[in-house]
Structures are given as structure tokens and as C-alpha cells.
Amino acid sequence: QLVSALHNLTRHVVYRGLTRAEDILCLFPENFHQNLKNLLTKIILENISAWRNEAQASQISLPRLVDMDWRVDIKTSSDSILRMAVPTCLLQLKIQEDAALCGNNPVVSALTVELSKETLDTMLEGLGRIRDQLSAVANK
Amino acid sequence: LSSQQFSALTEVLFRFLTEPKEVERFLTQLSDFATMNKISLGPLKNIVKSILLVPNGALKRNLSSEQVRADFIALGLSEEKASYFAEQWKMNSPTLTRLAVGQTLMINQLIDMEWKFGVTAGSSELEKVGSIFLQLKLVIKKGSQLENVYVELTLPQFYSFLHEMERVKTSLESFS
């Protein structure tokens with residue numbers, strides 16, 4: 001019962017985003033032991049940002065990017081042309097499925113994608129536009 | 001074949017080579033040519049088949065137009081016609097080479113990318129959040145099918161992704 005009550009208290013504090021000691025203190029009932037109240041408030045305040053970050057990390061989302069690697073290859077030959085020197089890019093994205101669905105064993109899959117130079121240029125154009133849009137929103 | 005007929009035939013051939021998907025059009029043009037010049041279609045098709053072997057082999061081995069001309073002369077074509085064909089070859093080879101490179105195997109080729117970004121307003125754990133997320137949809141060609149992959153990135157991840165992609169571009173450019 002004690003653990004459950006503590007759990008509810010901390011969840012409430014995290015949910016509401018309470019950051020000031022006064023706000024937390026007034027959650028306790030009137031006749032609560034003074035020192036215990038202060039001690040609990042202090043501990044909660046210390047942990048609150050860690051708890052908020054963890055809640056955010058485990059909220060539902062689309063699959064998330066966890067890592068990314070790339071390499072550049074030069075294609076020298078194929079069944080249609082015996083000699084050439086065409087550079088191409090291999091991009092590996094490590095994607096983690098929705099954390100909420102996987103519980104404690106998140107499933108990470110690796111996706112390898114090949115991009116030609118033209119595709120890369122187009123992609124960079126798109127990414128540049130995203131960056132511009134982000135700065136526009138940030139500067140408003 | 002007179003030289004005029006030969007140049008008309010060559011034109012038809014090269015138009016097909018540069019647009020290999022237009023098979024129907026090629027066949028129609030061939031039968032038109034046959035009717036106009038009173039040649040029967042069957043033997044014409046056979047001749048065309050053997051003629052087409054030369055540019056395809058040349059493309060594979062990156063032959064110069066000189067070598068193409070020599071090949072045709074070895075096959076018994078008159079010098080004039082062989083030179084004409086070699087000229088046409090020289091003109092068309094950039095397009096043809098590009099087509100052949102385009103046909104080269106690509107693994108999980110990225111076809112398209114869409115994105116949206118927004119703000120997470122709240123969740124069941126946190127009443128007010130206000131964090132920015134970026135969602136990418138990548139369209140990938142797996143074999144002959146298209147697959148959509150959805151990924152979410154945080155802002156710092158986005159900036160490092162952009163930075164890495166710019167490094168890839170520099171790397172690719174230094175090899176071109």
C-alpha cells in the first residue's frame with residue numbers, strides 16, 4: 001500500500017511537471033509528519049528531471065533511429081558494363097521499434113539502403129529544407 | 001541495302017537502343033521499313049538481331065567508335081556504312097552508357113523520402129511536453145517491390161544525420 005501510494009505521488013508530480021518544493025509540499029495531507037514530508041520532497045525534486053526524461057524516452061512513437069553508419073563504394077563492373085567507376089553510398093540505419101511495445105527487450109533492426117549520387121543530392125536538398133524550416137520556427 | 005535505306009535503318013536501331021522500353025514502337029518501325037523497301041520482315045528481323053549484337057558488345061567492353069567500325073568491316077559491311085554506324089555510335093554512346101550504368105544492380109535502393117515534423121504536446125505520462133520530433137518516411141525498392149520505412153528522429157539526431165550526409169556527398173564527389 002505504501003509503495004503504491006509513493007508510486008502515485010511520484011507519477012502525479014512527473015505528470016504535472018511540478019518543479020517547486022512548495023507545489024509538492026502542498027500535495028501532502030495536513031497532519032503529515034513534517035520531516036518526512038521535507039525528506040520526500042527533497043528526494044522527489046532530485047529525481048524529477050531523470051524521471052521526466054525517461055518518461056519521454058519511453059513514450060509511444062514511431063520506430064526511432066538509434067544509430068547510423070555509412071560507407072562509399074566504387075562500382076567497377078557489372079553484367080551490363082565490364083568497366084566503370086561509379087561511386088555509390090551504402091547507408092545503414094539502426095531502427096528501434098516502439099519502446100512501449102517491446103517492454104524490456106527493444107527490437108533493433110538494421111536497414112541498409114543504397115543511394116546513388118543523384119539520390120543523395122536530392123536527399124540533401126530535402127534535409128536542407130527541413131533545416132531551414134526548423135530555423136524559421138525557432139526564430140519566430 | 002542502299003546507303004539511304006541503311007541510314008534509315010540505323011536511325012530506327014539507335015532510337016530503340018536509347019529507349020529500350022519502346023519495344024512496340026521499334027517493331028512497328030521495323031515492319032514499316034520492311035514494307036516501304038519491299039523487304040520481307042523475317043530476314044530483316046534476323047539481320048537486325050545480328051546488327052544489335054555489335055553495339056551491345058561494344059557497350060559492355062567500352063569500345064571506341066574506331067573499334068566498332070573495324071568490327072562491322074570484319075563482319076562484311078561496306079566501309080561507308082560501317083563509318084556511318086560508327087559515327088552514330090559515337091554520338092549516342094554517352095546516353096547508352098548512362099542507361100547501362102542505370103541498369104546495374106542496386107541493393108535496397110532509396111526511391112523517395114517524405115518528412116514531417118511537429119511538437120509532442122502531451123502524453124499519458126507527462127501532461128505538458130513540448131518537444132520537437134522529426135518523422136521521415138523512406139520509400140525503398142526491395143527487389144521489385146516498394147517498401148515504406150517510417151523513422152522518428154530527435155533534433156540532435158537530425159543535425160548529426162545532416163552532417164553525416166554532407167560528408168558522404170563530399171566523399172562521393174571526390175571519387176567522381
Side-chain angles (χ1 to χ4, degrees), chain A residues 11 14-17 51-52 54-56 58-75 77-91 93 95-96 98 111-117 119-124 126-131 133-134 137-138, chain B residues 56 59-62 97 99-115 117 119-120 122-129 131-138 140-141 147 149-155 157-162 164-169 171-176:
Chain A
R11 279 196 63 157
V14 169
Y15 183 74
R16 282 306 181 80
W51 286 334
R52 272 188 76 90
E54 204 191 302
Q56 236 176 306
S58 56
Q59 71 191 6
I60 55 168
S61 73
L62 285 182
R64 289 189 199 165
L65 184 71
V66 287
D67 196 10
M68 154 238 189
D69 286 318
W70 59 267
R71 88 174 190 210
V72 167
D73 286 345
I74 310 261
K75 298 199 250 209
S77 165
S78 84
D79 59 331
S80 43
I81 294 202
L82 286 179
R83 281 183 57 209
M84 58 175 167
V86 177
T88 186
C89 169
L90 282 171
L91 180 64
L93 301 167
I95 299 178
Q96 180 185 63
D98 190 351
L111 175 71
T112 309
V113 181
E114 187 171 341
L115 298 94
S116 67
K117 186 161 179 306
T119 317
L120 179 71
D121 286 338
T122 316
M123 181 196 237
L124 272 178
L127 292 179
R129 254 179 283 154
I130 299 178
R131 182 191 49 200
Q133 284 173 357
L134 282 173
V137 167
Chain B
N56 282 336
L59 196 57
K60 250 200 197 188
R61 286 170 289 136
N62 279 338
T97 318
L99 272 177
V101 171
Q103 276 174 359
T104 316
L105 191 62
M106 275 201 104
I107 310 191
N108 283 354
Q109 186 183 8
L110 181 66
I111 308 279
D112 195 17
M113 176 177 91
E114 286 173 27
W115 76 83
F117 61 86
V119 178
T120 307
S123 75
S124 45
E125 313 260 312
L126 304 164
E127 192 179 26
K128 282 198 273 251
V129 182
S131 60
I132 304 186
F133 61 84
L134 175 73
Q135 285 172 355
L136 284 183
K137 170 181 159 195
L138 306 169
I140 298 182
K141 191 163 174 192
E147 185 181 308
V149 177
Y150 298 91
V151 190
E152 196 171 295
L153 288 83
T154 63
L155 273 199
Q157 282 177 321
F158 166 70
Y159 285 114
S160 83
F161 185 66
L162 177 59
E164 288 301 311
M165 290 291 104
E166 282 177 348
R167 286 175 71 196
V168 175
K169 177 172 167 148
S171 178
L172 281 180
E173 275 176 354
S174 71
F175 286 116
S176 300

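Computed from a predicted model, the values in this text were never measured in an experiment. Residue numbers begin at 1 in each chain, while the letters A, B, ... track the order of the sequences.
By number of non-hydrogen pairs under 4.5 angstrom with chain B, the leading residue of A:Glu114, A:Met123, A:Arg129 is A:Glu114. With respect to chain A, the highest number of heavy-atom pairs below 4.5 Å among B:Val151, B:Ile107, B:Val168 belongs to B:Val168. For the set B:Phe133, B:Tyr150, B:Tyr159, B:Phe161, the count of heavy-atom pairs under 4.5 angstrom toward chain A peaks at B:Phe161. When each of B:Met165, B:Gln109, B:Arg167 is checked for heavy-atom pairs under 4.5 Å with chain A, B:Met165 comes out on top. Top candidate by heavy-atom pairs under 4.5 Å with chain B, chosen from A:Met84, A:Lys75, A:Gln133, is A:Gln133. Contact count against chain B (heavy-atom pairs under 4.5 Å) is highest for A:Val72 among A:Val72, A:Val86, A:Val66.
Although no hydrogens or angles enter the test, the distance criterion places no donor-acceptor pair under 3.5 Å between the side chain of B:Glu164 and the main chain of A:Met68.
The minimum heavy-atom distance linking B:Phe158 with A:Arg131 is given by the pair CZ-N, 3.9 Å. Listed here is the closest heavy atom pair of B:Leu172 and A:Lys117: CD1-CA, 4.0 Å.
Within the model, atoms CZ of B:Phe175 and OG1 of A:Thr88 stand 12.5 Å from one another, a figure rounded to the nearest 0.5 Å. A distance of 8.5 Å separates CD1 in A:Ile130 from CG in B:Leu162, rounded to the nearest 0.5 Å.
For B:Met106, the parts lying near chain A are the backbone and the side chain together; criterion is any non-hydrogen pair under 4.5 Å. Only the side chain of A:Leu93 comes within contact range of chain B, with heavy atoms under 4.5 Å apart. Both the backbone and the side chain of A:Val14 have a heavy atom closer than 4.5 Å to some heavy atom of chain B. Interface remark: B:Leu155 contributes side-chain atoms only to the contact with chain A (heavy atom separation under 4.5 Å). Heavy atoms of A:Ser77 lying under 4.5 Å from chain B are absent altogether. For a residue to count as touching a neighbouring chain, one of its non-hydrogen atoms must lie under 4.5 Å from one of that chain's; by this rule A:Ile95 touches chain B with the side chain only. For B:Glu114, no part lies under 4.5 angstrom from a heavy atom of chain A.
Within the 4.5 Å cutoff, the side chain of B:Ile140 has heavy atoms near those of the A:Leu111 side chain. With a 4.5 Å cut-off on side-chain heavy atoms, A:Leu65 and B:Thr154 do not count as touching.
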### Task
Please lay out, stage by stage, how A:Leu127 and B:Met113 fare under the test side-chain contact (heavy atoms from CB on, under 4.5 Å).
CA-CA 10 Å; A:Leu127 292 179; B:Met113 176 177 91; 4.0 Å; yes
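In summary, of the residues considered (A:Val113, A:Leu91, A:Leu120, A:Thr122), a side chain to side chain contact (heavy atoms under 4.5 Å, CB included) with B:Leu110 occurs for A:Val113 alone.
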